[in-house]
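Quantities reported herein were computed from a predicted structural model and do not represent experimental measurements. We name chains A, B, ... by the order of the sequence lines, and we start the count at 1 in each one.
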Protein chains: 2
Amino acid sequence: MPKSVAKPAVDPTVSLQLGVDRSSPVPLYFQLSQQLEAAIERGALTPGTLLGNEIELAGRLGLSRPTVRQAIQSLVDKGLLVRRRGVGTQVVHSQVKRPLELSSLYDDLEAAGQRPETRVLRNTVEPASAEVAAALGVAEGDEVHLVERLRLAHGEPMAYLRNRLPSGLLDLETPRLEATGLYRLMRAASITLHSARQSVGARAATADESERLGEPAGAPLLTMQRTTFDDTGRAVEFGSHIYRASRYSFEFQLLVRP
Amino acid sequence: MPKSVAKPAVDPTVSLQLGVDRSSPVPLYFQLSQQLEAAIERGALTPGTLLGNEIELAGRLGLSRPTVRQAIQSLVDKGLLVRRRGVGTQVVHSQVKRPLELSSLYDDLEAAGQRPETRVLRNTVEPASAEVAAALGVAEGDEVHLVERLRLAHGEPMAYLRNRLPSGLLDLETPRLEATGLYRLMRAASITLHSARQSVGARAATADESERLGEPAGAPLLTMQRTTFDDTGRAVEFGSHIYRASRYSFEFQLLVRP
DNA sequence: GAAGTTCTGTTGTCCGGACAAAGGATTGAC
DNA sequence: GTCAATCCTTTGTCCGGACAACAGAACTTC
């Protein structure tokens with residue numbers, strides 16, 4: 001007689017009502033990965049759970065194994081699943097929120113439930129300094145767009161944002177800048193952002209800065225410089241921002257590249 | 001008679017001497033992606049170059065299209081290539097260096113050519129405070145390992161590092177801590193890091209801190225808190241670090257998730 | 001000459017199958 | 001009981017093919 005009985009390892013995905021709509025234009029692997037992600041999100045798949053094996057899952061859903069693998073892979077890339085050869089695919093033991101995205105302060109604040117407000121202080125054109133020219137990849141002295149904004153939350157200043165953009169890239173009207181964030185305007189202009197190079201540091205506030213942000217003189221500030229590139233490699237934005245360290249910090253999650 | 005002649009678009013990969021070794025245990029897609037990456041790195045494939053189409057490339061290398069696609073995809077994920085349906089695959093217009101890794105300060109300094117030095121100030125065990133317990137996922141009052149280190153470069157203090165680890169995870173001998181970085185010790189103990197949650201901020205130095213770091217009183221400091229998880233979801237480290245803002249800033253590249 | 005239409009080339013998605021490699025559990029030998 | 005060898009399960013890699021979707025160029029029509 002076998003000493004077993006210990007076989008509680010029922011495939012947890014069976015009770016999940018997974019299913020794909022083949023008439024939808026949404027790719028099958030994407031439909032599946034979204035359903036799995038939602039299941040993890042709402043706790044139907046708890047951390048540590050072992051997903052049933054790919055072949056069986058594919059068979060049950062009427063999909064091929066490559067398609068199921070593609071769905072799982074996308075979640076592995078997001079850090080939600082972990083695969084182990086010979087073992088199976090496991091829901092990662094929670095803690096994953098969102099792996100560092102190229103987000104604007106505006107989106108961050110809005111997501112945090114704070115109603116961001118923008119005050120445009122300058123919106124003009126000026127010749128590029130050597131530093132700006134190098135960052136944007138234009139010639140020194142070329143005209144670039146300059147935008148200076150004060151970002152507030154709950155009526156309190158949070159950050160002072162200074163951006164330079166290649167002139168003519170975007171029509172930046174002050175009302176639109178006050179209504180939303182810069183990145184949203186870019187996306188709306190069908191500029192597809194690709195990557196950014198950032199530098200985060202700290203320094204003491206100058207007299208001007210402390211006054212503008214409502215901080216005592218010499219208060220510590222968080223600084224961020226960022227050059228953003230679109231998918232053709234053009235630099236589309238160079239920002240030099242300062243944040244009130246007493247009110248703001250950068251939070252992010254990052255994944256180890258396997 | 002065709003008006004053409006305009007056909008300078010020779011596949012740039014033909015002159016690249018690509019080829020795979022089927023007897024090698026290294027996966028074919030990986031061999032190919034490495035060769036392509038090397039070619040981009042050394043400038044043999046210049047930014048903007050259009051790779052030949054996948055099918056032809058697969059045929060020339062004696063590989064199947066899925067294998068070639070897998071190789072290309074890995075470089076797209078790294079941000080080195082951009083694909084456009086109906087157009088082709090293009091080398092991204094440079095600027096990409098390295099997309100933010102979970103690196104230790106030690107590695108960063110070493111890569112920058114500075115010889116990092118570590119002075120272990122404390123290496124002991126203590127009961128977990130509420131904050132530490134929450135971060136590490138242990139009970140309050142449980143014993144955790146505490147390591148306090150001063151990190152120097154060129155003999156100058158750069159950062160003050162305070163780490164808590166679940167006790168018993170690693171045997172942290174002071175000599176080993178002074179010889180290398182914490183993450184390397186973890187990897188050596190075959191702990192596979194998976195993700196980390198970070199928070200970067202700034203504040204003014206306390207009297208103690210300013211003295212330890214050789215900064216004037218009240219100088220702005222860059223702060224970083226990080227909880228690191230391994231692939232089983234365990235928290236393996238909780239760090240609270242402070243950096244001299246006058247000497248150090250965080251530099252990183254990040255990619256937009258498509 | 002300008003606008004719409006068709007055509008062509010390329011990547012995106014999906015299928016079904018096959019074998020290799022690794023991890024864990026079981027079995028066997030001592 | 002302990003250790004090594006074996007088996008089984010699962011993911012990793014690779015193949016060959018098919019059609020869809022999209023972008024751009026060429027062509028036709030007005």
**Message:** Apply side chain to side chain donor-acceptor pair (under 3.5 Å) to residues A/T174 and A/N123 and explain how you reach the verdict.
**Reply:** CA-CA 7 Å; A/T174 298; A/N123 184 1; 3.0 Å; yes

Atom-pair distance ([atom1] on [X]; [atom2] on [N]), nearest Å:
| X | N | atom1 | atom2 | result |
| --- | --- | --- | --- | --- |
| B/R84 | C/dG9 | CZ | C1' | 16 Å |
| A/L50 | C/dG24 | CG | P | 12 Å |
| B/E56 | C/dT8 | CD | P | 20 Å |
| A/N53 | C/dG24 | CG | P | 17 Å |
| B/L51 | C/dT10 | CG | P | 12 Å |

**Asked** Does the salt bridge (charged side-chain N to carboxylate O under 4.0 Å, His left out) test come out yes or no for B/E237 and B/R164, once each step is laid out?
**Response** CA-CA 6 Å; B/E237 179 248 342; B/R164 266 99 172 187; over 6 Å; no

Under 3.5 Å, which donor-acceptor pairs do the side chains of residues 85-92 of chain B form with other protein atoms, sequence neighbours left out?
| from | atom 1 | to | atom 2 | distance (Å) |
| --- | --- | --- | --- | --- |
| B/Q90 | OE1 | B/R84 | NH2 | 3.3 |
| B/Q90 | NE2 | B/G48 | O | 3.3 |

**Fill in**
Under a 4.0 Å heavy-atom criterion, the protein footprint on nucleotides 13-21 of chain D, written with B, S and -, is BSBB-B--B

**Message:** When you measure from the side-chain N and O atoms of B/R83 to the phosphate of C/dG12, is any distance below 4.0 Å, counting only OP1 and OP2?
**Reply:**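 The answer is yes; a side-chain N or O of B/R83 sits under 4.0 Å from OP1 or OP2.
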
**Heavy-atom donor-acceptor pair, B/Q31 side chain to B/D21 backbone, under 3.5 Å** =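 Yes.
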
**Item:** A/V200 and B/F252, any side-chain heavy atoms less than 4.5 Å apart
**Value:**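 They are in side-chain contact.
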
**Item:** With B/Y29 via ring-ring contact (aromatic ring centres under 6.0 Å, His included) - residues at least two apart
**Value:**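 B/Y29 satisfies ring-ring contact (aromatic ring centres under 6.0 Å, His included) with no other residue.
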
**Request:** Mind checking salt bridge (charged side-chain N to carboxylate O under 4.0 Å, His left out) for B/E37 and listing every partner two or more places apart, or none if nothing turns up?
**Result:**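 For B/E37 the salt bridge (charged side-chain N to carboxylate O under 4.0 Å, His left out) partners, ignoring immediate neighbours, are B/K78.
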
**Request:** Only pairs at least two apart or in different chains count here, so list each side chain to side chain donor-acceptor pair (under 3.5 Å) that has a residue in residues 40-51 of chain A.
**Result:**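 Output for this query lists A/T46-A/T49.
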
Would you list the protein and nucleotides 4-6 of chain C atom pairs, both N or O, that sit under 3.5 Å from each other?
none

